[in-house]
Amino acid sequence: MTQPINLGIIGAGLAVKQLHWPALRRLRDRYRFGAVADIDLSRAQEIAALVGAEHTCANYHELLALSEVEAVLLSLPIHLTAPIALDAARAGKHLIIEKPLGSNLEQARQLKEHLAHLPVTALVAENFRYRNDLAAARRLVHEGTLGDLLLVRLHALSYVDPTTPGSFASTPWRHDSQYRGGPILDASVHHAAALRTVAGEVEWVQAFAKYGYSRLNGPTTISMNLRFRSGALGSYLYSVVCHDERSAFLDLTIYGSEATLVLHDGEVRLLRREQPAETIPVEADDGGYYAEFLNFAAALREDQPIVATVDEAYKDMELILRALDSAEQAAVLLL
């Protein structure tokens, strides 16, 4: 067995507790935890007790000064991600960075360029790039099972209540967002990753956005028309203030000249004319979290390539923020 990675955690919020730790707990042979840092020391101590970390601190610079910590997981408010990621990289720490990369596209671009010139490995915690259902859908598209792509539709409608205690939407920094795009940027980068993973690059975007009806700061509903480089057209509709009991966070349909692929709540089905629907076998997973931490460990210890790279995360973010540009300018924009 290889030596476990000594991982520090900066930011002891809900994502670590609810999303990261259940996956990391299954990888105890790959990770041990050197320290947890959070400006709220009690939260750092809570997570440290959960993961078995040796040190806690309120100042993340103290964590970065620990020579035994070789990598850090950054789970921070969006506006803090880029500056702290750069500090960590300059301290020689490998990085697992929560998405999106920064407060705006320029900040994300600068982080991407700096990381490209520093001798550290960086993975962006975009779990959609590790989901088995999306991998199955991508394989079917790339094998030509659907024929030529004609239309791509991704709709995700929900009502997110920011007053629900303990929910992600209840976190104060999401109510006083110091980043562009509010809940649209926060969540839609997942959908950008799904669209680009399965259907390829987007060439043109036209969007309309609506604000309000929520304490969440920023646009709360967006409608996007897309044209992919393949020639396929696309429709993306996302809202955090429109309840639809039939909708899921990932409800994706891809229409091709030979078949239609439907991905809904982890299930993948293939529809062909005058034939019964075919359910594609997909191994159940935890949404990709386990696979992303496994990929990071393999990258550090076995020199395996990173799947969710900084470059890909930048392109996901670029698609969403260019869509907001389109909405503000009432224009069709070339990416």
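Computed over heavy atoms, backbone and side chain alike; hydrogens, waters and symmetry mates excluded.
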Just by distance, do the side chain of Ser214 and the backbone of Leu216 share a donor-acceptor pair under 3.5 Å? yes
Closest non-hydrogen atom pair between His191 and Phe249, with its separation: NE2-O, 2.6 Å
Audit row: Phe228, Val152, side-chain contact (heavy atoms from CB on, under 4.5 Å) steps and yes/no: CA-CA 9 Å; Phe228 292 83; Val152 179; 3.9 Å; yes
Do Phe33 and Leu66 share a hydrophobic cluster, counting only Ile, Leu, Val, Met, Phe, Trp and Tyr and linking them when any side-chain heavy atoms are less than 4.5 Å apart? no
Aromatic contact, His155 with Tyr238 (centres under 6.0 Å): no
Identify the two heavy atoms, one from Ala259 and one from Thr145, that lie closest to each other, and give their separation to 0.1 Å. CB-O, 3.9 Å
Hey, could you give me the CG/CG distance between Leu195 and Leu252, rounded to the nearest 0.5 Å? 6.5 Å
Spatial distance of atom CZ (Arg90) from atom CG (Leu115) [nearest 0.5 Å]: 9.5 Å
Any side-chain heavy-atom pair from Leu76 and Ile84 closer than 4.5 angstrom? yes
Under-4.0 Å salt bridge between Arg180 and Asp325: yes
Any side-chain heavy-atom pair from Phe293 and Ile5 closer than 4.5 angstrom? no
Any side-chain heavy atom of Thr221 within less than 4.5 Å of one from Val241? yes
Look only at the side chain of His94 and the backbone of Thr121, and say whether a donor-acceptor pair between them is shorter than 3.5 Å. yes
For the side-chain contact (heavy atoms from CB on, under 4.5 Å) test, which of Val262, Leu151, Leu271 pairs with Tyr255? Leu151
Note: Glu70-Arg301 ion pair, threshold 4.0 Å (strictly below): yes
Test log, rule side-chain contact (heavy atoms from CB on, under 4.5 Å), inputs Asp265 and Leu250: CA-CA 6 Å; Asp265 269 348; Leu250 182 56; over 6 Å; no
Starting at CE of Met317, measure out to CG of Leu101 and round the result to the nearest 0.5 Å. 6.5 Å
Determine whether Arg229 and Glu201 satisfy the following criterion, salt bridge (charged side-chain N to carboxylate O under 4.0 Å, His left out), listing intermediate values before the conclusion. CA-CA 6 Å; Arg229 288 184 188 172; Glu201 298 298 341; 5.2 Å; no
Side-chain heavy atoms of Ile222 within contact of Leu237, under 4.5 Å: no
Identify the heavy atoms of Ala169 and Arg174 that sit nearest to each other, and give their distance. CA-CD, 4.3 Å
Which distance, rounded to the nearest 0.5 Å, do you find between the OH of Tyr179 and the OG1 of Thr81? 10.0 Å
Charged N-O contact under 4.0 Å between Lys99 and Asp186: yes
Out of curiosity, does Leu150 fall in the hydrophobic cluster containing Leu261 (side-chain heavy atoms, cut-off under 4.5 Å, transitive links)? no
Under a 3.5 Å threshold, yes or no: a donor from one side chain and an acceptor from the other, between Asp311 and Thr309? no
Might you work through the salt bridge (charged side-chain N to carboxylate O under 4.0 Å, His left out) test for Arg131 and Glu283, ending with a clear yes or no? CA-CA 10 Å; Arg131 286 177 56 143; Glu283 184 178 354; over 6 Å; no
One thing to verify: whether Arg196 and Asp316 come together as a salt bridge, which I'm taking to mean a side-chain N less than 4.0 angstrom from a carboxylate O. yes
Nearest heavy-atom neighbours spanning Gly166 and Ser170: N-OG, 3.6 Å
Side chains of Tyr60 and Asp87: donor-acceptor distance under 3.5 Å anywhere? yes
I need the Leu14 CG to Arg43 CZ distance, nearest 0.5 Å. 8.0 Å
Heavy-atom nearest pair, Ala156 first then Ser247, reads CA-OG, 3.4 Å
Exceeds 12 heavy-atom contacts within 6.0 angstrom, atom CD1 of Ile39: no
Short side-chain to backbone donor-acceptor contact, Asp251 and His264, under 3.5 Å: no
Chi angles and distances behind the side-chain contact (heavy atoms from CB on, under 4.5 Å) call for Val72, Ile9: CA-CA 6 Å; Val72 291; Ile9 299 173; over 6 Å; no
Should the ring pair Phe296 and Tyr31 be called parallel, tilted or perpendicular, given that the plane angle runs from 0 to 90° and is split at 30 and 60? parallel
From the list Arg138, Glu312, Glu126, Arg129, side-chain hydrogen bond (donor to acceptor under 3.5 Å, both in side chains) with Thr197 holds only for Arg129
Is Asn127 reaching over with its side chain to a backbone N or O of Gly287, donor-acceptor style, under 3.5 angstrom? yes
Is Val198 reachable from Ile280 through a run of hydrophobic residues whose side-chain heavy atoms are each under 4.5 Å from the next? yes
Begin with the C-alpha distance, continue with both residues' side-chain angles, and end with the deciding distance and a verdict on side-chain hydrogen bond (donor to acceptor under 3.5 Å, both in side chains) for Asn295 and Tyr130. CA-CA 9 Å; Asn295 179 212; Tyr130 297 93; 2.6 Å; yes
Between Glu267 and Arg269, is there a side-chain N and carboxylate O pair less than 4.0 Å apart? yes
Sole candidate of Lys112, Gln107, Glu106 that passes side-chain contact (heavy atoms from CB on, under 4.5 Å) when paired with Gln110: Glu106
Kindly indicate whether the side chain of Thr253, heavy atoms from C-beta on, has any atom under 4.5 Å from the side chain of Leu263. no
Joint cluster assignment, Leu157 & Leu226, ILVMFWY side-chain distance < 4.5 Å: no
Counting only heavy atoms not in Asp148, do more than 12 fall under 6.0 Å of its CG? no
Kindly indicate whether the side chain of Ile96, heavy atoms from C-beta on, has any atom under 4.5 Å from the side chain of Leu74. no
Report the C-alpha distance between Asp40 and Ser42 in whole Å, list the side-chain angles of each, state the deciding distance to 0.1 Å, and finish with yes or no for side-chain hydrogen bond (donor to acceptor under 3.5 Å, both in side chains). CA-CA 6 Å; Asp40 184 336; Ser42 65; 2.5 Å; yes
Establish whether Phe168 and Ile78 are linked, either directly or via other cluster members, by ILVMFWY side-chain heavy-atom contacts under 4.5 Å. no
Should Tyr314 and Arg109 be marked as a side-chain contact (heavy atoms from CB on, under 4.5 Å) after you check the CA-CA gap, both sets of side-chain angles, and the distance that decides it? CA-CA 7 Å; Tyr314 177 83; Arg109 183 191 63 79; 3.6 Å; yes
Checking side-chain hydrogen bond (donor to acceptor under 3.5 Å, both in side chains) for the pair His55/Glu62: CA distance, chi angles, key distance, verdict? CA-CA 10 Å; His55 305 283; Glu62 295 178 30; over 6 Å; no
If I take atom OG from residue Ser326 and atom CH2 from residue Trp204, how far apart are they, to the nearest 0.5 angstrom? 11.0 Å
Ile184 side chain reached by Ile320 side chain, heavy atoms, under 4.5 Å: yes
Would you say the side chain of Lys93 lies within less than 4.5 Å of the side chain of Val69, judging by non-hydrogen atoms? yes
What closest approach, in Å, do Asp133 and Gly266 show between heavy atoms, and which atom pair accounts for it? OD2-CA, 3.3 Å
